[in-house]
Protein chains: 2
Amino acid sequence: MVSMEYNEKQLAIMDTAERLFGENGFSGTSVRDIAQEAGVNVAMISYYFGSKEKLMEMLFEQKSNKLTLMVENLIQDENVNYLQKVYVLIDDYVDRFVSQQAFHKIMIREQVTESGTGLANQILALKKRNLASIKKLIVGGQKTGEFKKNIDIVMMMATLVGTMSQMITSQCYYREVSNIENMDDEEFDKLIRKKLSTHLKHLFKVVLTNEA
Amino acid sequence: MVSMEYNEKQLAIMDTAERLFGENGFSGTSVRDIAQEAGVNVAMISYYFGSKEKLMEMLFEQKSNKLTLMVENLIQDENVNYLQKVYVLIDDYVDRFVSQQAFHKIMIREQVTESGTGLANQILALKKRNLASIKKLIVGGQKTGEFKKNIDIVMMMATLVGTMSQMITSQCYYREVSNIENMDDEEFDKLIRKKLSTHLKHLFKVVLTNEA
DNA sequence: TAAAATTAAACAAACGTTTGATTAAAATAA
DNA sequence: TTATTTTAATCAAACGTTTGTTTAATTTTA
């Protein structure tokens, strides 16, 4: 598919759709909601995107195209060891998750729905791409002897993505058990970014290497 | 609230609702779908539960009441050390997640939706209960010197729940990357149960204790 | 017979989508 | 240049369905 270029109105629709789908889910968001908040006529959604479902798919494609991990350049850098490369990757991942929360909420929710929609295949493709990226890094570290053998990469990915998803989706829970209900959103984002980074790096270090 | 006792027809509605909500979400499931698959008249749902939303809440309450962790008896058992207690808890958790997938898919999905519905508060309460259970165990292990200090229990919970959620929601992805697309469901359940158990125990061991 | 359970039918509201008219800019013909 | 045709964008209104819920009549149970 050719890399579409969208006009202003189309982008307004997609931005609003991303936010509302993230907040209320696909079925929970009506095209009239989207049109109203984006300041366009309802008909424009069908006019530009064909249908609500296709809007979702195009939105997903546009977003996921921007999410290709930058692991290719990273893997060739000779100046840092493989653990540090993994650290950079984790920070990259965490950054993306926290700064693109609406998009990832869509992913989390639609992932649960098994059905063979077009979106399900798009999500599958994205996850396979990310798995391949991490795999390269870890196998590289194993070849230099820096990492242990017998590492279950798929399970580590589940932990990486799962932990981040859990933090994104249970923010008010986290605020409550940490007694930080009144912290402003910006500071809170910084906090869970830091928490996730530290925690995941620690996990990966002890699992990948032999040191505690 | 008094522990309701439901008649056969009510239970049929709740069972069907649990399955369909798990598969297609709350907004994605109509009361007519539920009524048809449960073999009852549509009006019976309003008659017995008041509304679709209240059906969801009652369903959630019934399920979550059965999900209280059995940590109380566990913590007093003098014959096993604290790491083994944590292992038992993990297996208990994994068992529940895998055998009650529909219910947990509902939780995962509704957790994403922030709004202050009655359900959101129910989920919050359940998570706080579970956190308290784990906390007891870990603090107990720290007092005996078996576990390290400075353990971020909330983050470990996020990893525990997040990893399981991730595996539950991306089963077809996991089948594909592991080349086990044709494995029957029962065997597959056993496999991810084992994978989760091993992986999570390993993670908790290296984080809680000093051994690798 | 009185109460509870069950039904088909009806309800208004919301849903995604299509329509036909209107506008204004761009392209073509004179 | 003018005049004419074509094109794309925009809109209010209407389309047919589906939504959750209620009603009123009927059957079953106690």
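Throughout, protein chains are lettered first and strands after them, A, B, ... in sequence-line order, and every chain is numbered starting at 1. Just so we're clear, the structure is a prediction, and the values are computed from it rather than from any experiment.
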Tell me: [atom1] of [X] to [atom2] of [N], nearest whole Å?
X     : N      : atom1 : atom2 : value
B/N7  : C/dA3  : CG    : C1'   : 16 Å
B/I13 : D/dT21 : CD1   : P     : 13 Å
A/F26 : C/dC15 : CZ    : P     : 13 Å
B/E53 : D/dT21 : CD    : C1'   : 14 Å
A/F49 : D/dT10 : CZ    : P     : 12 Å
A/I45 : C/dG16 : CD1   : C1'   : 10 Å
A/D33 : C/dG16 : CG    : C1'   : 12 Å
A/M44 : C/dT22 : CE    : C1'   : 14 Å

Can you see if the side chain of [X] gets near the phosphate of [N] - specifically, an N or O under 4.0 Å from OP1 or OP2?
X     : N      : answer
B/Y47 : C/dT6  : no
A/N41 : D/dA12 : yes
B/S30 : D/dT19 : yes
B/Y48 : C/dT6  : yes
B/K52 : D/dT19 : no

Is NZ or CZ of B/K201 both nearer than 6.0 Å to the six-membered ring centre of B/Y87 and within 45° of the ring axis?
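Output yes; distance and angle both within limits.
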Tell me whether [X] contacts the main-chain N or O of [Y] through its side chain, where contact means a donor paired with an acceptor under 3.5 Å.
X      : Y      : value
B/Q122 : B/E57  : yes
B/T16  : B/A12  : yes
A/H104 : A/Q100 : yes

For a quick check of understanding: with a heavy-atom distance under 4.0 Å over all strands, which category does B/S27 fall into, base, sugar-phosphate or nothing?
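Nothing, no heavy atom under 4.0 Å.
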So if I take every side-chain heavy atom of A/R32 and compare against C/dG16, D/dT21, D/dT23, which nucleotide ends up nearest?
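Looking only at heavy atoms from C-beta outward on A/R32, the closest nucleotide is C/dG16.
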Aromatic plane relationship, A/F147 with A/Y82 - under 30° parallel, 30 to 60° tilted, over 60° perpendicular:
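Judged by the thresholds at 30° and 60°, the geometry between A/Y82 and A/F147 is perpendicular.
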Both A/V40 and B/A43 contact DNA chain D. Taking the nearest nucleotide for each, which residue is further toward the 5' end?
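Looking at DNA chain D, the more 5' nearest nucleotide goes with A/V40.
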